[in-house]
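Only one structure is covered here, and it is reproduced in the block below.
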Amino acid sequence: MTKQHANWSPYDNNGGSCVAIAGADYCVIAADTRMSTGYNILTRDYSKICQLADKCVLASSGFQADVKALQKVLAARHLTYQHQHNKQMSCPGMGQLLSNTLYYKRFFPYYAFNVLGGLDSEGKGCVFTYDAVGSYERVGYSAQGSGSTLIMPFLDNQLKSPSPLLLPAQDAVTPLSEDEAITLVKTCFASATERDIYTGDKLEILVLNRDGIRREYLELRKD
């Protein structure tokens with residue numbers, strides 16, 4: 001008789017999509033609120049966006065238990081930083097911290113696919129995009145999650161990011177106004193929801209600018 005091995009995995013993929021767009025003086029971060037496993041919807045109202053600092057927001061898809069663990073580690077490290085330096089960490093600083101935290105766990109990674117967005121020390125929008133083991137890049141826009149293969153080609157077509165090989169180096173910010181960027185994000189998700197079963201229910205949008213943080217919501221299809 002053949003011995004049966006239990007096919008158990010410490011990971012799951014709870015689906016969902018995240019998008020961030022950086023502008024000259026703003027940053028838009030958005031994610032849907034559906035959390036699934038396989039063909040089951042676990043909840044239709046789960047926020048994938050976490051505010052790490054006043055000018056820094058993290059959106060994560062993947063395995064939400066690992067995402068929660070990652071957020072707790074980042075919050076603890078940021079609190080230590082604030083006690084030592086009497087100020088909040090900048091968004092590029094938080095970007096490096098997130099990379100280090102993910103890379104530290106590279107042999108048993110956090111199964112989390114992250115987009116970090118916010119404003120840098122000059123007030124410009126910045127977006128950092130990551131893989132599961134901490135490799136990251138500052139870009140003008142990014143998408144992660146189950147709908148990223150549908151959303152990213154559309155963003156490429158609309159925004160045409162400058163090549164990092166160009167000299168002199170160009171700013172990785174998009175030419176859109178804040179309202180145009182929000183409209184573009186809404187279009188992305190409305191389109192992705194039609195084709196990706198793991199994206200849907202509701203869209204949560206955070207807008208960071210010099211006035212602070214603003215939240216918007218948009219209903220998506222629920223099937």
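These figures come from a predicted structure and were not determined experimentally.
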message = Does K48 have more than 12 heavy atoms from other residues, nucleotides or ligands lying within 6.0 Å of its NZ?
response = yes
ask   = Under 3.5 Å, side chain of T33 to main-chain N/O of S47, donor-acceptor pair present?
value = no
Steps toward side chain to side chain contact (heavy atoms under 4.5 Å, CB included) verdict (L119, C91) = CA-CA 6 Å; L119 301 176; C91 193; over 6 Å; no
ask   = Taking a hydrophobic cluster as the set of Ile, Leu, Val, Met, Phe, Trp and Tyr residues connected by side-chain heavy atoms closer than 4.5 Å, whether directly or through intermediates, do L70 and M89 fall within one such cluster?
value = yes
ask   = Would you find a donor on one side and an acceptor on the other, under 3.5 Å apart, between the side chain of S90 and the backbone of G93?
value = yes
query = Parallel, tilted or perpendicular: which describes the rings of F63 and Y11, with under 30° parallel and over 60° perpendicular?
reply = perpendicular
ask   = Per the side-chain contact (heavy atoms from CB on, under 4.5 Å) rule, which among D32, L155, V28 passes with V19?
value = L155
query = Within the side chain of K202, is there an N or O that forms a donor-acceptor pair under 3.5 Å with the backbone of E219?
reply = no
query = Can F189 and L218 be said to form a side chain to side chain contact (heavy atoms under 4.5 Å, CB included), step by step?
reply = CA-CA 10 Å; F189 276 90; L218 174 73; 5.9 Å; no
task = Determine whether more than 12 heavy atoms belonging to other residues, nucleotides or ligands lie under 6.0 Å from atom CZ of R221.
result = yes
request  = Could you tell me whether D120 and R138 have a side-chain N and a carboxylate O separated by less than 4.0 Å?
outcome  = yes
inquiry  = Is any side-chain heavy atom of L176 closer than 4.5 Å to one of Y26?
reply    = yes
ask   = Would you say L58 and M94 make side-chain contact, with heavy atoms under 4.5 Å?
value = no
query = Can you find a pair of side-chain heavy atoms, one from V115 and one from I29, that are under 4.5 Å apart?
reply = no
inquiry  = Donor-acceptor pair, distance only, cut-off 3.5 Å: does the side chain of R34 make one with the backbone of S17?
reply    = no
key: More than 12 heavy atoms from other groups under 6.0 Å of CZ on R77   = no
inquiry  = So does L52 get a backbone contact from the side chain of H78, meaning a donor-acceptor N/O pair under 3.5 Å?
reply    = yes
ask   = Side-chain contact, heavy-atom cut-off 4.5 Å: E204 with L206?
value = yes
query = Considering only heavy atoms from C-beta outward, does the side chain of T199 approach that of I151 to under 4.5 Å?
reply = no
task = Could you tell me whether the side chain of S99 and the main chain of G95 form a donor-acceptor pair under 3.5 Å?
result = no
message = Can you see whether S146 engages D196 through a side-chain donor-acceptor pair at a distance of less than 3.5 angstrom?
response = yes
ask   = Hey, is NZ on K124 packed in by over 12 heavy atoms from elsewhere, all under 6.0 Å?
value = no
query = Sub-3.5 Å donor-acceptor pair from the side chain of D12 to the main-chain atoms of N14, do we have one?
reply = no
inquiry  = So S142 and Y130, do their side chains get closer than 4.5 Å, heavy atoms only?
reply    = no
note = Tracing side-chain contacts under 4.5 Å among Ile, Leu, Val, Met, Phe, Trp and Tyr outward from Y46 reaches M35, L42
ask   = Would you say the side-chain atoms of Y141 and D156 include a donor-acceptor pair closer than 3.5 Å?
value = yes
Under 3.5 Å: donor-acceptor pair, side chain of Q88, backbone of D54 = yes
query = Going by heavy atoms in the side chains, are T43 and Q64 under 4.5 Å from each other?
reply = no
message = Between F113 and Y111, is the ring pair (Phe, Tyr, Trp, His ring centres under 6.0 Å) condition met? List the steps.
response = CA-CA 7 Å; F113 300 95; Y111 192 49; 5.3 Å; yes
inquiry  = Please evaluate residues K222 and I41 with respect to the criterion side chain to side chain contact (heavy atoms under 4.5 Å, CB included), reporting the C-alpha separation (whole Å), side-chain torsions for both, the decisive distance (0.1 Å), and the verdict.
reply    = CA-CA 10 Å; K222 296 178 168 36; I41 293 175; over 6 Å; no
task = For residues V127 and C27, determine if any side-chain heavy atom of one lies less than 4.5 Å from a side-chain heavy atom of the other.
result = yes
